[in-house]
Amino acid sequence: MGLRLKYNIVLILACTIGIGAATGMSYWIVQKSAIEEVHREIGLLRANATAVRSYTLNSIDPLLSDDSDILFLPESITSYAARTVFAIFRQQFPQYSYKEAALNPTNPADLPNALEEDLIKQFRADQSLDQLSAIVEEDGERILTVAFPITIEQEGCLRCHSNPEIAPPAMVDLYGSENGFGWELGETVGAQFISAPMALVDERSQETSLILSSALVIAFLLVLIVTNIMLSRIVLRPVARMSQVAEQVSLGDFSVPEYAKPGKDEISSLSLSFNRMRRSLESAMRMIDD
Ligand code: HEC
């Protein structure tokens, strides 16, 4: 195996491993920062839903609750308002979703699916958790869902969620007396679930790794070409010339011209030493002949 082939095999192997590792690492880093970005988006959506909730509780509910014995308006309910506002937002951004699910919900539409139920149970088991997230695949698309626990912190909530007998009668007429009751102060009854698509994240990670790996491949090809030219000029060609001269001299042909590689590197000094050795050999041979 020639020197050039050996050198190229080692270089290609090292560069392939290096490019592979760098591409994988960049994919991982970009994915990580992009997931953080989706988390930030979800945080903004949650802050907005919380604002809608508090506006409904503090500004709308007091205006509408006077008639609650005869007429119950779900519009005055925080979770109803948050869900309805989000539904309007979704008309422009259908990839995002918002849900307030409870294990025993007032509105059956708020029943959790298997994943949501699992997350609510985790919150109930560990009160110190302030959020949980999961990446699920739906119709071939990856979706990041972040859950935030809903804990009954105000006495006021129990007016409608503890006992159907003390709840507004019009509400019980509308929702029935079976669901959404029996909640207790300090209990984590459910969670807010906000989902955002990962498609942009995945696209960006793939794009960045593709750009990085292409740049590395181009840099590697440049290194390969330049080092091959240098190897040929500095080492391979002079060594081939010297070995050709040595071959002829070894066969007793001293007529070949001397070869001295210009420059001050090791190969140049080898060519000079070789020429000196050749001259000594030539004069030794001449002395023997005489
Ligand atoms: C005036 C009665 C009333 C009060 C007070 C009230 N809720 Fe509700 N709550 C409801 C009704 C009715 C629904 C169902 C709304 C709908 O149709 O989505 C509901 C829904 C919810 C839901 C969604 C799950 C479900 O049960 O469908 C959560 C979570 C919730 N309430 C938590 C709270 C918390 C926390 C408080 C106190 C800050 C509170 N509620 C105060 C009446 C009330």
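Values in this document were obtained by computation on a predicted structure and should not be read as measured data. When a ligand or atom number is given, it counts from 1 through the structure's own listing order. Residue indices begin at 1 and follow the sequence shown.
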Which distance, rounded to the nearest 0.5 Å, do you find between the CG of N179 and the CG of L103?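 Spacing of CG (N179) from CG (L103) equals 12.5 Å.
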Any luck finding a side-chain donor-acceptor pair between D265 and S268 under 3.5 Å?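 Per modelled atom types, D265 and S268 side chains form a pair under 3.5 Å.
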Check whether the side chains of Y7 and T227 place a donor and an acceptor atom closer than 3.5 Å, and report yes or no.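 Present: a donor and an acceptor within the cut-off.
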Does a side-chain N-to-carboxylate-O contact under 4.0 Å join [X] and [Y]?
{"X": "E117", "Y": "K121", "value": "yes"}
{"X": "R53", "Y": "E100", "value": "yes"}
{"X": "K99", "Y": "D110", "value": "no"}

For [atom], what is the closest protein heavy atom, and at what distance to 0.1 Å?
{"atom": "atom 29 (C) of ligand 1", "answer": "I150 CD1, 3.6 Å"}
{"atom": "atom 18 (O) of ligand 1", "answer": "R83 NH2, 2.2 Å"}
{"atom": "atom 32 (C) of ligand 1", "answer": "W183 CZ3, 3.6 Å"}
{"atom": "atom 34 (C) of ligand 1", "answer": "C157 SG, 3.5 Å"}
{"atom": "atom 12 (C) of ligand 1", "answer": "Y175 CE1, 3.4 Å"}
{"atom": "atom 3 (C) of ligand 1", "answer": "C160 SG, 2.6 Å"}
{"atom": "atom 24 (C) of ligand 1", "answer": "D110 OD2, 3.4 Å"}
{"atom": "atom 20 (C) of ligand 1", "answer": "S79 OG, 3.1 Å"}

Name the orientation class of the two ring planes belonging to Y175 and F72 (parallel below 30°, tilted from 30 to 60°, perpendicular beyond 60°).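 Aromatic pair Y175/F72 classed perpendicular.
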Below 30° counts as parallel, above 60° as perpendicular, anything between as tilted: where do the rings of F89 and F86 land?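 Tilted: the ring planes of F89 and F86 meet at 30° to 60°.
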Please list, in number order, the atoms of ligand 1 under 4.0 Å from a heavy atom of [X].
{"X": "F72", "result": "12 (C)"}
{"X": "Q154", "result": "38 (C)"}
{"X": "G156", "result": "5 (C)"}
{"X": "I152", "result": "35 (C)"}

Mind checking whether T78 has an N or O less than 3.5 Å away from an N or O of ligand 1?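 There is no such contact.
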Polar-atom distance check: N107 versus ligand 1, any N or O pair below 3.5 Å?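 Yes: some nitrogen or oxygen of N107 is under 3.5 Å from one in ligand 1.
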Okay, side chain of N113, backbone of E116: is any donor-acceptor separation there less than 3.5 Å?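 Answer holds: yes.
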So, the side chain of N58 versus the backbone of S54: is there a donor-acceptor pair under 3.5 Å, distance only?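 Yes, because the side chain of N58 sits within donor-acceptor range (under 3.5 Å) of the backbone of S54.
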Part of E153 with heavy atoms under 4.0 Å of ligand 1, whether side chain, backbone, both or neither: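 None of E153 does.
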Exercise: identify the closest heavy-atom pair between P149 and T188: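 Looking at all heavy atoms of both residues, the shortest contact is CB-CG2, 3.9 Å.
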Heavy-atom gap P74 to ligand 1 smaller than 4.0 Å: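 Heavy atoms of P74 never come under 4.0 Å of ligand 1.
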Using heavy atoms and a 4.0 Å limit, tell me yes or no: is I77 in contact with ligand 1?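 Yes, that is the case, since the closest heavy atom of the residue is under 4.0 Å from the ligand.
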Looking only at N, O or S atoms, which one in H161 sits nearest to atom 8 (Fe) of ligand 1?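 Result: NE2.
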